[in-house]
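First listed ligand is number 1; within each ligand, the first listed atom is number 1. Residues take their numbers from the sequence shown, with the count starting at 1.
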Amino acid sequence: MERPNGTSAVYRYAVGLMSGTSVDGIDAAVVAIRGELDGSEKPEVQLVAYENTSYPDQVRAEIFAMFDPRQATIDRVSRLNVWLGELFAQAALAVIRKAGLTPGDIAWIGSHGQTIYHAPDAGSEDGLDLRYTVQIGEGAVIAARTGIPCVSDFRVADMAVGGQGAPLVPYTEYLLYREEKRTLLLQNIGGIGNMTVLPQNCRPDEVYAFDTGPGNVLIDGVVTRLTKGAATMDVGGSLARRGQVHAGLLEELKREPYYQQPIPKSTGRELFSASYMDRLLEDQARYGLSAEDLVATVTRLTAWTIGEGYRRFVRAQHAADVLIVGGGGSYNPVLMSKLQDEMNAMGVAVMTQEDLGFHSDAKEAVAFALLAGCTLDGVPNNLPRVTGAAHPVVMGKISYSPPERE
Ligand SMILES: Nc1ncnc2c1ncn2[C@@H]1O[C@H](COP(=O)(O)OP(=O)(O)OP(=O)(O)O)[C@@H](O)[C@H]1O
Ligand SMILES: CC(=O)N[C@H]1[C@@H]2OC[C@@H](O2)[C@@H](O)[C@@H]1O[C@H](C)C(=O)O
């Protein structure tokens, strides 16, 4: 494996590990980093290797069981915490091998872990703010198996100062993407869609972010129902491409109050739920639409919600130059083309992470490698304007590697 340009001594190699809300496996990335992570300069970050390791079915089922508080007994959660620690360590070692490196080359690991519970608005007791969040995948196990210091459990530090503990990726977007002369929008199209705004030449406290609405959740939801589970996504947008958007239904769906709700705001599967999908299928019957028409209509709606987020909450203060799309939705060409229509009409170009030489799937793993570097350097790595925290804090807990390697 060729080393990044320049001398290897000025590069620091790090590993980032992430397991997201779709629980499709562990994303592991090796990055080479040159420069400071405190925002005083733009660090140079190269993705050296990336790998997604699927979970064994049994592990995936156990994670889903732990989402249910009635099943998540303390012994099962604790056992899964160390189990995932072992799997994360294996994923780290595999991606390090893939990079042509050895554990001794890696300065640190940053591991997000797996969120099994997130209660940022949990309320108070006797005047005490009792918000909480749980990410499992024991950092001490990762450090012990790899011999590399591991930073984990990031979100709680932001919550401890009144933040939502999410989203955390915008700090790294600020580090990597901000530009002096252009205002950028970073749009993630995962299950839910979320936008980060990086005004031109911004300071960290000028960055803001919000959930635009559905990402792939409606498309996946209707496809799963229409195919009775035979398909779980509209691969390549092939259904949407063959359908006609129903203008009347589209207008009705646009009236969802969330889209008008002021920012900061976030949404989830609580709103875009199973019963929301049931209603969509009733709408399909009511208007006599084909499966393709329904998929085309929700695809068009999804693109509109992103355009609307920009139009309503961003454009007046920060006219943007470019919208950079990441997440699985960027692989749906019909969604991308509708998004392009929306944004181009407002003078905003649309690009993907890949167009910039980044990797959509690796983005969050890379982010946690960088956030961990901040932890070790003592650099605050939350964005209070984004999370609602009272002030910046250094997030992340460090598990040191065994002494014999020191
Ligand atoms: N080839 C493809 N064609 C169409 N859609 C695709 C394709 N590949 C991925 N997708 C869409 O992307 C989704 C997965 O996106 P992603 O991995 O970003 O989600 P996620 O990890 O749940 O996101 P997050 O945790 O950020 O909400 C799939 O469910 C699907 O809707
Ligand atoms: C609590 C939690 O795990 N939140 C995730 C989730 O998945 C997407 C969205 O909701 C985002 O807020 C966050 O993750 C990303 C990595 C973040 O913190 O930026």
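Nearest to atom 20 (P) of ligand 1 among the protein's heavy atoms is Ser22 OG, 3.6 Å. At the top of the distance list for atom 3 (N) of ligand 1, counting protein heavy atoms only, stands Gly236 N, 2.9 Å. Protein heavy atom nearest atom 28 (C) of ligand 1, with residue, atom name and distance: Asp220 OD2, 3.7 Å. The single protein non-hydrogen atom nearest to atom 13 (C) of ligand 1 is Asn216 ND2, 3.5 Å, given as residue, atom name and distance. When hydrogens are left out, the protein atom nearest atom 25 (O) of ligand 1 is Thr21 OG1, 2.6 Å; that is the closest non-hydrogen contact. The shortest contact between atom 14 (C) of ligand 1 and any protein heavy atom is with Gly328 CA, 4.1 Å. Here the protein heavy atom with the shortest distance to atom 4 (C) of ligand 1 is Asp234 O, 3.2 Å.
Classification of Arg34 and Glu41 as a salt-bridged pair fails, no side-chain N sitting under 4.0 Å from a carboxylate O. For the pair Arg311 and Glu308, the salt-bridge criterion is met [side-chain N within less than 4.0 Å of a carboxylate O]. Using a cut-off of 4.0 Å between Lys/Arg side-chain N and Asp/Glu carboxylate O, Arg242 and Asp293 are scored as not salt-bridged.
Numbered from 1 in the order shown, with element, the atoms of ligand 1 that lie under 4.0 Å from a heavy atom of Gly327 read 18 (O). Against a heavy-atom cut-off of under 4.0 Å, Val235 is close to the following atoms of ligand 1: 3 (N), 4 (C). Close approach of ligand 1 to Asn188 is summarised as follows: ligand atoms under 4.0 Å from at least one heavy atom of the residue are 26 (O). Set against the non-hydrogen atoms of Gly329, the atoms of ligand 1 under 4.0 Å away are 12 (O). Atoms of ligand 1 lying under 4.0 Å from any heavy atom of Glu364, numbered from 1 in the order shown and given with element: 26 (O). Per-residue contacts place Tyr331 under 4.0 angstrom from the following atoms of ligand 1 (heavy atoms of the residue considered): 1 (N), 2 (C), 3 (N), 4 (C), 7 (C), 8 (N).
Side-chain N or O atoms of Asn188 include none that pairs as donor or acceptor with a backbone N or O of Asn194 at under 3.5 Å.
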**Request:** Check the pair Glu282 / Arg279 against salt bridge (charged side-chain N to carboxylate O under 4.0 Å, His left out), numbers first and verdict last.
**Result:** CA-CA 5 Å; Glu282 286 163 21; Arg279 285 199 301 277; over 6 Å; no
**Message:** Between Arg286 and Asp283, does the salt bridge (charged side-chain N to carboxylate O under 4.0 Å, His left out) criterion hold? Intermediate values first, please.
**Reply:** CA-CA 5 Å; Arg286 186 157 55 93; Asp283 293 335; 2.7 Å; yes
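Residue Phe358 places its CZ atom among more than 12 non-hydrogen atoms of other residues, nucleotides or ligands, all under 6.0 Å distant.
When the options Phe313, Tyr208, Tyr310 are evaluated for a ring-ring contact (aromatic ring centres under 6.0 Å, His included) with His318, the one that passes is Tyr208. Results of the side chain to side chain contact (heavy atoms under 4.5 Å, CB included) test with Ile189 over Asn216, Ile219, Asn332 single out Asn216 as the only residue that passes.
Within the structure, side chain to side chain donor-acceptor pair (under 3.5 Å) pairs that include any residue of residues 166-184 comprise Glu173-Thr196, Glu173-Lys363, Tyr177-Gln353, Glu179-Arg182 (at least two apart or interchain).
Aromatic ring centres of Phe67 and Tyr117 lie farther apart than the 6.0 Å criterion allows. A centroid separation of less than 6.0 Å is found between the aromatic rings of Trp304 and Tyr259.
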Between the protein and ligand 2, which nitrogen or oxygen pairs come in under 3.5 Å, and how far apart is each?
unit_1: ligand 2; atom_1: 3 (O); unit_2: Thr115; atom_2: OG1; d: 2.7
unit_1: ligand 2; atom_1: 3 (O); unit_2: Arg155; atom_2: NH2; d: 3.4
unit_1: ligand 2; atom_1: 14 (O); unit_2: Arg155; atom_2: NH2; d: 3.1
unit_1: ligand 2; atom_1: 18 (O); unit_2: Arg155; atom_2: NH1; d: 2.8
unit_1: ligand 2; atom_1: 18 (O); unit_2: Arg155; atom_2: NH2; d: 3.1
unit_1: ligand 2; atom_1: 18 (O); unit_2: Leu168; atom_2: N; d: 2.8
unit_1: ligand 2; atom_1: 19 (O); unit_2: Leu168; atom_2: N; d: 3.1
unit_1: ligand 2; atom_1: 19 (O); unit_2: Val169; atom_2: N; d: 3.0

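Using cut-offs of 30° and 60° on the angle between ring planes, the pair Phe272 and Tyr258 is perpendicular.
Nearest residue to atom 7 (C) of ligand 1 from Lys363, Met233, Met336 is Met233 (criterion: closest heavy atom).
At a 3.5 angstrom cut-off on N or O pairs, Gly190 does not count as close to ligand 1.
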